[in-house]
Amino acid sequence: MFPFHYLKAADEQAALRAAAAGARYIAGGTTLVDLMRESVERPDSLVDINALPYRWIDVQPEMIRVGSLVRMSDLAAHPVVRHQVPVISQALELSASPQLRNMASIGGNLLQRPRCLYFRDVSAACNRRAPGTGCSAIDGRNRTHAILGTSRHCSATHPSDLAVALIALDAVVVSRGAAGQRRFALAELFRQPGDSPHCEHNLDPGELIVGIEVPLGPEARRSGYLKVRDRQSYQFALASAAVALDIVAGTIRSARVAVGGVATVPWRLPAVERELRGRPIDAGLFRRAAELSVAGAQPLRENGFKVELLQRTVEKQLATVAALP
Ligand SMILES: Cc1cc2nc3c(=O)[nH]c(=O)nc-3n(C[C@H](O)[C@H](O)[C@H](O)COP(=O)(O)OP(=O)(O)OC[C@H]3O[C@@H](n4cnc5c(N)ncnc54)[C@H](O)[C@@H]3O)c2cc1C
Ligand code: SF4
């Protein structure tokens with residue numbers, strides 16, 4: 001490991017000041033320290049934000065507010081989240097391992113870096129790690145890579161399961177930076193790679209995620225997360241689907257569907273949602289809607305199987321959530 005400065009911020013202002021001077025935030029460290037050990041990331045200084053008071057889970061009649069330093073395990077186990085927004089608990093419990101979930105924070109989860117093997121190999125060309133060097137995955141090992149939202153400069157998937165569930169529910173990010181506090185849709189946090197894959201999000205330099213807000217719409221209670229992967233535990237998604245449905249008298253009043261493991265950012269499926277809205281529950285409907293999930297897909301040499309896998313994942317999860325009591 002290379003030498004670096006370490007500072008523990010006592011409050012928000014101290015954290016923002018340190019970041020303005022170039023320090024990187026560290027919360028659970030389960031992404032950042034890993035990458036530093038491999039020299040993929042080489043920050044000169046870290047500012048530890050764990051003393052900041054962002055640990056609330058605040059349940060209100062129309063939303064749940066979650067501080068960015070809440071641990072993944074605590075949010076997953078919260079009784080109101082489990083009962084009223086099961087898709088969040090399920091996405092978290094299907095992530096990483098119990099030990100990692102005890103360490104890892106919600107803010108860090110949203111900002112985790114890609115799992116592409118070339119990104120983590122400092123001897124390989126990778127536009128995300130070293131802009132302008134090329135993309136080793138385009139003609140290399142790309143079985144786990146994205147089929148949606150890709151560019152010729154990068155096709156790494158966004159690794160967070162939680163983000164997929166939150167995007168489906170229209171979650172909002174609360175952040176604080178030099179210009180004060182702002183609130184924006186979580187969907188606006190993430191950037192597709194385009195021709196600048198190293199720019200992964202739309203936070204300003206030094207901007208701190210304070211928390212997220214999750215609306216408690218009628219769909220949230222009838223929701224769930226399906227994750228398909230090579231191993232049943234401790235593995236990132238090959239395809240996943242977060243589904244939330246509001247069903248009245250056998251008819252779908254509204255639907256929210258987002259997918260992961262197949263796209264460069266957590267991927268909402270508005271065409272699938274439109275197809276479902278106002279229609280009676282029916283297996284044929286789920287199949288037709290799921291077919292729309294792959295519109296615009298651009299598979300690479302090794303990941304063509306994801307086109308069918310994604311449709312099956314969405315179809316299965318629509319049926320599962322529709323059948324919930
Ligand atoms: C073996 C392994 C398996 C995993 N499997 C999964 C999986 O299946 N699904 C899944 O979703 N995840 C998985 N993960 C990723 C894991 O969930 C993340 O490492 C974790 O959530 C990151 O949180 P952290 O608090 O440790 O972040 P850190 O490592 O502390 O930080 C990550 C990044 O976020 C920034 N950051 C942190 N907090 C803030 C904040 N409040 N404001 C602004 N920036 C901030 C840091 O500067 C850093 O760039 C896995 C990780 C490992 C190591
Ligand atoms: S897919 Fe993206 S992360 Fe992977 S090598 Fe290409 S540029 Fe790097």
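Atoms within each ligand, like the ligands themselves, are counted from 1 in listed order.
- The distance from atom 4 (Fe) of ligand 2 to the nearest N/O/S atom of Cys154 is not under 2.8 Å.
- When only interatomic distances are considered, the shortest N/O to N/O separation between Leu162 and ligand 1 does not fall below 3.5 Å.
- Near Asp34, with a cut-off below 4.0 Å to any heavy atom, the atoms of ligand 1 are 53 (C).
- Side-chain N/O atoms of Tyr225 and Ser240 include a donor and acceptor closer than 3.5 Å.
- At distances below 3.5 Å, at least one donor-acceptor pair connects side-chain atoms of Arg231 with backbone N or O atoms of Tyr234.
- Taking each of Ala91, Ala19, Gly107, Gly108 in turn, the one with a heavy atom nearest to atom 23 (O) of ligand 1 proves to be Gly108.
- Cation-pi check for Arg42 over Phe2 is met; the charged atom lies under 6.0 angstrom from the ring centroid and within 45 degrees of its normal.
- Using a cutoff of 4.0 Å between basic side-chain nitrogens and carboxylate oxygens, Glu302 and Arg141 are scored as salt-bridged.
- Backbone and side-chain nitrogen or oxygen atoms of Leu208 are examined, and none is located within less than 3.5 angstrom of a nitrogen or oxygen of ligand 1.
- In terms of protein heavy-atom proximity, atom 4 (Fe) of ligand 2 is nearest to Cys116 SG, 2.3 Å.
- Remark: ligand 1 atoms within the under-4.0 Å shell around heavy atoms of Tyr234 are 1 (C).
- Side-chain contact check for Ser95 versus Phe236: every heavy-atom pair is 4.5 Å or farther apart.
- In this structure, Ile26 is not a member of the same hydrophobic cluster as Val70, with clusters built from ILVMFWY side-chain heavy atoms closer than 4.5 Å.
- Put simply, the side chain of Lys316 never gets that close to the backbone of Leu226: no donor and acceptor are under 3.5 Å apart.
- In this structure, Arg129 falls outside the shell of residues with a heavy atom less than 4.0 angstrom from ligand 2.
- A side-chain donor from one of Glu207 and Ser175 sits under 3.5 Å from a side-chain acceptor of the other.
- Heavy-atom separations between Ser155 and ligand 2 include at least one value shorter than 4.0 Å.
- Looking at Ser136, Gly134, Cys126, Gly140 and measuring to atom 8 (Fe) of ligand 2, the nearest heavy atom belongs to Cys126.
- At a 4.0 Å cut-off, at least one heavy atom of Met72 sits close enough to ligand 1 to count as contact.
- Neither the backbone nor the side chain of Val210 has a heavy atom within less than 4.0 Å of ligand 1.
- When each atom of ligand 1 is checked for a heavy atom of Tyr25 under 4.0 Å away, the hits are 43 (C), 44 (N), 46 (C), 47 (O).
- Using a 4.0 Å cut-off between heavy atoms, Pro159 contacts ligand 1 through its backbone alone, with no side-chain atom that close.
- Counting heavy atoms from C-beta on, the side chains of Asp161 and Leu92 never come closer than 4.5 Å.
- Listed by number with element, the atoms of ligand 1 under 4.0 Å from a non-hydrogen atom of Ser160 are 11 (O).
- Taking a cut-off of under 4.0 Å to the non-hydrogen atoms of Ser105, the atoms of ligand 1 that pass are 21 (O), 23 (O), 24 (P), 25 (O).
- With a heavy-atom cut-off of 4.0 Å, His153 touches ligand 2 through its backbone alone.
- Contact between Leu324 and Arg222 at its shortest, heavy atoms only, is O-NH1, 2.7 Å.
- Under a 4.0 Å criterion applied to the non-hydrogen atoms of Tyr118, ligand 2 contributes the atoms 5 (S).
- Residue contacts with ligand 1 do not include Arg229, since none of its heavy atoms lies under 4.0 Å from the ligand.
- Residue-ligand proximity, Leu32 to ligand 1, at heavy-atom distances under 4.0 Å covers atoms 29 (O).
- Using a 4.0 Å cut-off to heavy atoms of Leu111, the atoms of ligand 1 that qualify are 33 (C), 34 (O), 43 (C), 44 (N), 45 (C).
- Listed by number with element, the atoms of ligand 1 under 4.0 Å from a non-hydrogen atom of Gln235 are 8 (O).
- With no hydrogens or angles considered, no side-chain donor-acceptor pair links Gln192 and Ser151 at under 3.5 Å.
- In plain terms, the two heavy atoms of Arg115 and Pro159 that are nearest each other are CG-CB, 3.8 Å.
- Tyr118 does not carry Arg120 over the face of its six-membered ring by the limits of under 6.0 Å from the centre and within 45° of the normal.
- Taking 2.8 Å as the criterion, Cys135 counts as a coordinating residue of atom 6 (Fe) of ligand 2, since one of its N, O or S atoms falls below it.
- Of the N or O atoms in Lys227, one or more lie within a sub-3.5 Å distance of an N or O in ligand 1.
- Looking at ligand 1, you won't find any N or O of Met103 less than 3.5 Å from one of its N or O atoms.
- The shortest N or O to N or O distance between Thr30 and ligand 1 is under 3.5 Å.
- Judged by distance alone, with hydrogens and angles left aside, the side-chain atoms of Asn109 form no donor-acceptor pair with the main-chain N or O of Ser160 at under 3.5 Å.
- The shell of residues lying under 4.0 angstrom from ligand 1, judged by heavy atoms, includes Ile49.
- Nearest-residue assignment for atom 21 (O) of ligand 1 (options Thr31, Leu69, Asn109; heavy-atom criterion): Asn109.
- If you look at Ala27 next to ligand 1, the close heavy atoms, those under 4.0 Å, come from the backbone and the side chain alike.
- Of all atoms in ligand 2, numbered sequentially from 1 with element shown, those under 4.0 Å from a heavy atom of Asn127 are 7 (S), 8 (Fe).
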